[in-house]
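Below is one structure, written out as structure tokens; comments come after it.
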Amino acid sequence: MPRNEFKQRRKRLMRLMPKGSVAIIASAAPSIRNRDVEYPFRQDSDFYYLTGFNEHDSIAVLAPGRKQGEYVVFCREHDEKLAVWVGRNAGLEGAREGYGADEALPIGELQKALPDLIENRERVYFAIGRDDDLDRHVMAAVNAVRAKARAGVRAPFEFVALEHLLHELRLVKSTAEIKTMRRAAEVSVAAHKRAMRACRPGRYEYEIEAELVHEFTRHGLRSQAYPCIVAGGENACVLHYTDNRDPLRDGDLLLIDAGAEHDNYAADITRTFPVNGRFSDPQRSLYELVLEAQMAAIKSVKPGNHWNDPHDTAVRVLTKGLVSLGLLEGKVNALIKDEAYKRFYMHRTGHWLGMDVHDVGDYRTDDAWRPFEPGMVLTVEPGLYVPADCTDVDPRWRGIGIRIEDDVLVTEKGHEVLTGAAPKAVDEIEAFMHS
């Protein structure tokens, strides 16, 4: 991501902040996996969005109008001895020269320096209640300023959650962000194709997971956007199945929900296909119904339409199809009103996508579903799930779980499916798996 991208983001946020405001953003903390082993570090999305700085023990302060510099970073100083063990960190000089900080101070000086940055400011923006350490630092700084009241110094009197301003910025993606997400999508599509080619009866779910991770990694994308779901047969009826340990059986479907992360931006794709490369008649019937629902839902993604339009569209198609197949009985409108479809389709049709796989941004504004705008990215992912123990339906449907998911960019004239190169039509899947 170009460094100027982060600078422009900071400028946009500061323009949204009322006069007399200051914003304080904390990095993620290291997380212990077990004993003295840490999980791979993943930066806090809000912090990274504004700074591009990929180190823990860091605090960014945005102080609009500050003469000594509006962008201040507190971070670890460079330590040559520590560098031998874990590699070099940016240090104070790197924070200034490499990441555009106007001023960089040791993180150990935060308690001493923070009061000066907030004094005579009216309001403080920060992630209230999300980070105990940050809460304590902010309150300690406020109390230190209050103690100087007799000297004519004013302390902030308003504390505002930063998310409302920042997450609105994150919701609409820039050209650079869309380019990054295209790359995450491209590699994720390649991984799904690799998984289809590797799939056959007798292999295990974890073997297919290994194919996905291999494809991510060989393209330099070493982080998954979320744990891979590789669910064969009735495991696909568990929405967030991640055990990935069972054998793949001839005649079953395999549902894969997996995406890579590129420069902290996620892809999110689901494909469902036959383990042996050929759909049975019941599998084909349910699959083509889900695909019809997805295509109709994607068609409704365009400026002027609203967030819930794809979901409403998918629900109507699925409910009508379930009646035709005999899985539901009754009038379509009444079944939708009573939410009878939720027995087989219990989740929403999508979510925002970006730096987080379930990305930030309000779904409703002014008590109404949010209208789509160019630059928004969302998933469209209808599904149908008939558990094996669903004994009151025809046995041919039991144990079938299907979901089809793509990443969709809202454009000026409509939409673009970023992940459309992953096969999903029945004939396309069968031809690809047997090619």
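None of these values were measured; they are calculated from a predicted model.
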| query | Under 3.5 Å, is there a donor-acceptor pair between the N244 and Y206 side chains? | reply | no

| field | Trace of the side-chain contact (heavy atoms from CB on, under 4.5 Å) decision for K193 with V189 | value | CA-CA 6 Å; K193 287 182 173 180; V189 165; 4.1 Å; yes

| field | Neighbour count above 12 (heavy atom, 6.0 Å) for R197 CZ | value | yes

| query | Given the side-chain rings of Y48 and F53, with only the six-membered ring counted for Trp, is the space between their centroids under 6.0 Å? | reply | no

| query | Quick one: is the NZ or CZ of R364 closer than 6.0 Å to the six-membered ring centre of W369, and within 45° of its axis? | reply | yes

| Is any side-chain N of the basic residue among R348 and E381 closer than 4.0 Å to the acidic one's carboxylate O? | no

| request: Please examine the side chains of P374 and K302, heavy atoms only from C-beta on, and report whether any two atoms are closer than 4.5 Å. | output: no

| said: Atom NE2 of residue position H78 - does it have more than 12 heavy atoms of other residues, nucleotides or ligands inside 6.0 Å? | reply: yes

| request: Go through the side-chain N and O atoms of N235 and E205 and say whether any donor and acceptor fall under 3.5 Å apart. | output: yes

| message | Angle between ring planes, W352 versus F372, binned at 30° and 60°: parallel, tilted or perpendicular? | response | perpendicular

| note | Here the pair of heavy atoms bringing R403 nearest to H347 is CD-NE2, 4.0 Å

| query | So, N54 versus Y99: side-chain donor-acceptor pair below 3.5 Å or not? | reply | no

| request: Show your reasoning for whether ring-ring contact (aromatic ring centres under 6.0 Å, His included) applies to Y287 and F279. | output: CA-CA 9 Å; Y287 185 90; F279 286 88; 5.0 Å; yes

| Non-hydrogen side-chain atoms of V61 and Y71 separated by less than 4.5 Å | no

| Pairing of R203 and D246 as salt bridge, 4.0 angstrom limit | no

| What is the minimum heavy-atom distance between V317 and A296, and which atoms define it? | CG2-CB, 4.2 Å

| message | Would the distance check show the side chain of T217 and the main-chain N or O of H214 forming a donor-acceptor pair, the cut-off being under 3.5 Å? | response | no

| query | For Y49, is the NZ or CZ atom of R9 found under 6.0 angstrom from the centre of its six-membered ring and inside 45 degrees of the ring axis? | reply | yes

| query | Heavy-atom distance under 4.5 Å between the side chains of K179 and R182, does that happen here? | reply | no

| H434 and E430 side chains, donor-acceptor separation under 3.5 Å | no

| task | Go through R170 and E177 one step at a time and tell me if the salt bridge (Lys or Arg N to Asp or Glu O under 4.0 Å) criterion holds. | result | CA-CA 10 Å; R170 282 180 53 187; E177 289 177 286; over 6 Å; no

| message | How close do E55 and A90 get, counting heavy atoms only, and between which atoms? | response | OE2-N, 2.6 Å

| note | Correct closest heavy-atom pair for G232 and L254 would be N-CD1, 3.6 Å

| said: What I want to find out is whether R42 reaches E261 closely enough, with some N-O distance under 4.0 Å, to be called a salt bridge. | reply: yes

| said: Please determine whether side-chain contact (heavy atoms from CB on, under 4.5 Å) holds for the pair F157 and E122, giving the CA-CA distance in whole Å, both sets of side-chain angles, and the decisive distance to 0.1 Å. | reply: CA-CA 6 Å; F157 57 82; E122 296 176 0; 3.8 Å; yes

| Can the positive tip of R222 be found less than 6.0 Å from the middle of the six-membered ring of F216, inside 45° of the ring normal? | no

| More than 12 non-hydrogen atoms from neighbouring residues, nucleotides or ligands closer than 6.0 Å to CD on Q8, yes or no? | yes

| message | Side chains of Q294 and D406: any donor to acceptor distance under 3.5 Å? | response | yes

| note | Tightest non-hydrogen contact, residues I256 and V230, listed as CG1-CG1, 4.3 Å

| request: Evaluate side-chain contact (heavy atoms from CB on, under 4.5 Å) for L409 paired with T411, printing each intermediate quantity in order. | output: CA-CA 6 Å; L409 167 68; T411 63; 4.2 Å; yes

| task | In plain terms, say whether R284 and D281 are close enough for a salt bridge, that is, a side-chain N and a carboxylate O under 4.0 Å apart. | result | no

| request: Measure the spacing between CG of D268 and CG of L353 and express it to the nearest 0.5 Å. | output: 6.0 Å

| Do the non-hydrogen side-chain atoms of L286 and L325 ever get within less than 4.5 Å of each other? | yes

| Just one of K337, K342, R343 clears the salt bridge (charged side-chain N to carboxylate O under 4.0 Å, His left out) bar with E339, so which one? | K342

| Whether Y341 and H311 hold their rings parallel, tilted or perpendicular, with breakpoints at 30° and 60° | perpendicular

| Should we count CG of D367 as having more than 12 external heavy atoms under 6.0 Å? | no

| Just how far is it from atom CD of E77 to atom CG of D79, taken to the nearest 0.5 Å? | 9.0 Å

| said: As an exercise, state the distance from CG of D309 to CG of N305, rounded to the nearest 0.5 Å. | reply: 4.5 Å

| In terms of heavy-atom contacts, does CE of M295 have more than 12 from other residues, nucleotides or ligands at under 6.0 Å? | no

| task | Taking the side chain as every heavy atom from C-beta outward, state whether R316 and K320 have any pair of such atoms under 4.5 Å apart. | result | no

| said: Can you tell me how far apart CE (M355) and CG (N264) are? Round to the nearest 0.5 Å. | reply: 4.5 Å

| field | 4.5 Å side-chain heavy-atom contact, V142 and I118 | value | yes

| request: Say whether S45 and D356, considering side chains only, have a donor N or O and an acceptor N or O under 3.5 Å apart. | output: yes

| query | Pick from H167, K173, H351: which one makes a side-chain hydrogen bond (donor to acceptor under 3.5 Å, both in side chains) with D359? | reply | K173

| field | T270 side chain to D257 side chain, donor-acceptor N/O pair below 3.5 angstrom | value | yes

| said: Applying side-chain contact (heavy atoms from CB on, under 4.5 Å) to V377 and V408, what does each step give before you reach the verdict? | reply: CA-CA 6 Å; V377 183; V408 182; over 6 Å; no

| said: R245 vs D243, test: salt bridge (Lys or Arg N to Asp or Glu O under 4.0 Å). Steps then yes/no. | reply: CA-CA 6 Å; R245 64 188 177 195; D243 287 344; 3.7 Å; yes

| message | Less than 4.5 Å apart, side chain to side chain, heavy atoms only: is that true for M17 and M14? | response | yes

| task | Assess the side chains of H240 and Y226: does a donor N or O sit below 3.5 Å from an acceptor N or O? | result | no

| Sidechain N-carboxylate O distance under 4.0 Å for E168, R370 | yes

| said: Tell me whether D131 contacts the main-chain N or O of L134 through its side chain, where contact means a donor paired with an acceptor under 3.5 Å. | reply: yes

| query | Would you say V417 and I298 make side-chain contact, with heavy atoms under 4.5 Å? | reply | yes

| Distance-minimising heavy-atom pair for A63 and R121 | CB-NH2, 3.5 Å

Pair up each side-chain donor or acceptor in residues 24-35 with any protein partner under 3.5 Å, not counting sequence neighbours, and list the distances.
from: S27; atom 1: OG; to: D57; atom 2: N; distance (Å): 3.3
from: S27; atom 1: OG; to: S58; atom 2: N; distance (Å): 3.1
from: S27; atom 1: OG; to: S58; atom 2: O; distance (Å): 3.2

| Is the shortest side-chain N to carboxylate O distance from D46 to R130 below 4.0 Å? | yes

| said: To the nearest 0.5 Å, what is the distance between NZ on K424 and CD1 on I404? | reply: 7.0 Å

